[in-house]
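Just so we're on the same page: letters track the sequence lines, and every chain starts at 1.
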Amino acid sequence: MSGRTPDAKAADTGLKAWLTTRDHKRIGIMFLVATTAAMALGGVFALLLRLELLMPGETIVDPMTYNRLFTLHGVTMVWLFMIPVIPSGFGNYLLPIMIGARDVAFPRLNLASFYIYLVGAAITLAGMYFGAADTGWTFYVPYSTTSAAALVPVLLGVFTLGWSSVLTGINFIATVHTMRTEGLGWMRMPLFVWTVYGTSIIQVLVTPVLGMALMLIGFDRLLDWGIFDPARGGDPVLYQHLFWFYSHPAVYIMILPAMGVISDVVCAFARKNPFSYEAIVWSTMGITFVGLLTWGHHMFTAGMSTFGAGAFGILSMLVAIFSAIKVFTWVGTLYKGSIALDTPLLYVLAFLFLFIFGGMTGVAVATTSLDVHWHDTYFVVAHFHFIMVGGTISAFLAALHYWLPKLSGRRYPERLGRLGAAGVFVGFNLTFVPQFLLGNRGMPRRYFDYPPAMHTLNAISTVGSWVLGASMLFIASYLLRSLLRGEPAGDNPWGAAGFEWRTSSPPPVHNWTGEPPFERGAYDYTEGSPALEGARDE
Amino acid sequence: MSEAHFESAERQADAARLGMWAFLVSEVFLFAGLFTLYGAYRAAWPEAFAEGVRHGAKMLGSLNTVILITSSFAVASSLRALQEDRPRVALRWLLGTLALALGFLAVKAVEYHGHVHEGILPGGHGHHFATLSAPAGQAAFFTLYYVMTGLHALHVVAGAAVLAWLAWRLHTGALDARRAHVLSNGALYWHLVDCVWIVLWPLFYLTGGQA
């Protein structure tokens, strides 16, 4: 190693240099690659599930295999893709740049959390495949303590993934507090940074509770400790409380950073400052903390007191108010903006539609009297796919298109981008709108079969999943091609004002040459803004 | 890592301290799930839980409380000594802390051994429960007892490992007054182990009321 400066070492492009890197940008890219691969895998499971539901009766798999498939789909999508993708992927890449830092506070810990993710993902996937886990991603007792499947490996895998999440959260909290460049006060931080910060708080607070709950199931399976077994003084409903204490805020781990993406992209493509920066900041913090107190709405039918159900229902609706504040702010940002309908903004519009639709149905299911009817039906499946999957995927795709030039220095073909966005939007709605109707008619979730009267809607949903799958493949193909052979993008192809666009694309090893030029705000599109120096493609 | 990673050593110490505090919060939440279970189950089985507490090894549990609080004093003294640039004194206090940690684990082992001997095992296993007409509540109590004190003991082991590593660094001189925040972080973790115990102590040894 003698004679080589650390910078030269960091600029190495060999495999070993990547695998031992402490550069947050490389770790972010590795997270993006791994989580996107997980999304593809989870997507294949989803396509198989929908294929089974194309016809009533057994179509391609037997009921037990179907149970394993939806477990694989849920676990993969939740813990391997949606939880880490935006915070650990884009967050890692962008957060230090956006606060003018050269890296995260603890670079070695950052690399460790990537490897912990990989190990956790490997244990989880192998554990589910060989262990035939069939409980769904929720691992409800008593089924999870009595199922014939081997569950300990998948429990261990998810437990491990949780560690990755906690360590990333700790790292980002310390980074935001201590690594901001001179003069970058809290209320000047880009909104994406705020949302990733809120997400980190949630990750640190709730993930250990999930770890504990899964560990208790593990003890039961390995040692027969029966801590949730009523015959031994236990209460299975308490498992549900512990599980949802994590898994409901987990929805905000997915959607908060997505909201950050939307907030930044909407300003860049309306060429305006946000309608209200403060409103987004405070509603982000509102969701972060009130979101911790809403878990009970998953358990309205599990024997909850009327008072408890009412309290959880109202707290859940409070989150809807914070979300609505954001929606109005985004729409207000677009109002009288100089709008460029490029692909990232199309995804923002898709996000708005899916998020409002999903959010409104969320208020509906937070209403206890209505939830009794919809509980455990496809209505709920459609609701959470709209809000968290639709929200996360459209923000993920917006981010991918918006920041591709930042990450790679190359552009994607705009026309194909718009086509892909249209395909995703149509496919998504075709898949999930029928599921609202099916759920309303009483089709229960997680069944591999349904009465013939429900055939048409199920068939439409399955066809929708093909459109969605094909669109994703199409997007992956042109993005991969762009990565290799895309047009050079220049440093700031969008003419965006965001801090991350004030360094070269891709940025140098330590992000900045000299002091970060942060005098003007991240949303400053007025005369003389650095944004106006960028070439905007019309 | 580039030397310009942190603006100053002070910033670095700040980041490390904040990171440790965030980690401690997550540790508290790890235990919080179990405290919740304890609260719910105690509300469901008040009599059986009181009976279980009365059955607990009150003397050994209290001895361990004294040991842990003393050890917290020792680690704080070690930090104080290092900050005053007396690393050898700091090392002595740290070794004292480590000895107390091992003492705690030894007492714990005696306690567990006694319970196993009485036929009290987690999950309502063991002959003790066969003698009870309604074993469910006590089964829940003792399962929680083993899980919670066991998880805590695991933290004592982890904390002792950290203290041993710090003692080694003090011994070799790698840890000096300028990097006292590293020892401070280790001490913070040790205090958390202590704090959790201070809550476990009444829950499992003291609040049995009168028979």
Side-chain angles (χ1 to χ4, degrees), chain A residues 5-7 10 22 101-109 162-163 166-167 169-179 181-182 200-201 203-213 215-216 219-220 223-235 237-239 241-242 245-246 509-510, chain B residues 1-8 10-45 48-49 52 121-125 129 134-144 146-148 150-151 154:
Chain A
T5 65
D7 278 21
R22 287 168 203 169
R102 304 193 188 279
D103 208 317
V104 293
F106 313 118
R108 270 187 298 184
L109 190 69
W163 273 100
V166 170
L167 294 180
I170 291 175
N171 214 338
F172 286 177
I173 290 174
T175 304
V176 171
H177 277 269
T178 62
M179 306 288 282
T181 191
E182 193 69 39
S200 301
I201 294 176
Q203 283 172 305
V204 168
L205 292 182
V206 299
T207 313
V209 177
L210 173 79
M212 195 64 245
M215 216 160 26
L216 291 172
F219 286 148
D220 201 354
L223 305 161
D224 186 30
W225 283 6
I227 202 157
F228 298 113
D229 176 5
R232 285 178 270 185
D235 183 350
V237 176
L238 279 171
Y239 169 77
H241 277 290
L242 295 182
F245 184 79
Y246 165 82
V509 174
H510 291 301
Chain B
M1 203 190 309
S2 128
E3 57 282 356
H5 182 64
F6 283 100
E7 273 176 29
S8 62
E10 205 178 315
R11 268 280 174 98
Q12 182 172 13
D14 276 351
R17 220 176 345 257
L18 184 67
M20 180 47 94
W21 274 105
F23 178 66
L24 294 185
V25 169
S26 85
E27 286 278 37
V28 167
F29 272 76
L30 183 72
F31 279 97
L34 292 170
F35 286 125
T36 307
L37 279 184
Y38 181 96
Y41 288 177
R42 182 149 193 163
W45 309 96
F49 266 59
L121 292 163
H125 300 292
F129 297 100
Q138 277 209 32
F141 175 82
F142 280 109
T143 306
L144 278 176
Y146 277 108
V147 171
M148 293 172 81
L151 186 69
L154 213 60

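Chosen from A/Leu205, A/Thr207, A/Leu216, A/Leu242, the residue pairing most often with chain B at heavy-atom distances under 4.5 Å is A/Leu205. In terms of heavy-atom pairs under 4.5 angstrom with chain A, the leader among B/Ser26, B/Ala140, B/Ala139 is B/Ser26. Considering only heavy-atom pairs separated by less than 4.5 Å from chain A, the leading option among B/Ala16, B/Gly124, B/Gly33, B/Gly19 is B/Gly19. Counting heavy-atom pairs closer than 4.5 Å to chain A, the top residue among B/Ala134, B/Ala44, B/Pro122 is B/Pro122. In terms of non-hydrogen atom pairs under 4.5 Å with chain B, the most contact-rich of A/Asp229, A/Asp103, A/Thr181, A/Asp224 is A/Asp224.
A 4.5 Å side-chain heavy-atom check between A/Tyr246 and B/Phe29 finds every atom pair outside the cut-off. Within the 4.5 Å cutoff, no side-chain heavy atoms of A/Val209 are placed close to those of B/Thr36. In this structure, A/Met212 and B/Leu37 have side chains that are not in contact, with every pair of non-hydrogen atoms separated by 4.5 Å or more. For the pair B/Tyr41/A/Asp235, a side-chain contact is recorded, criterion being any heavy-atom separation below 4.5 Å from C-beta on. Put simply, the side chain of B/Val147 reaches to within 4.5 Å of the side chain of A/Trp225, judged on heavy atoms.
If you measure heavy-atom distances from B/Pro135 to chain A, you find no contacts under 4.5 Å at all. In this structure, chain A has no heavy atom under 4.5 Å from any part of B/Leu121.
For B/Leu24, the side-chain contact (heavy atoms from CB on, under 4.5 Å) partners are B/Met20, B/Trp21, B/Leu188, B/Tyr189, B/Leu192, not counting sequence neighbours.
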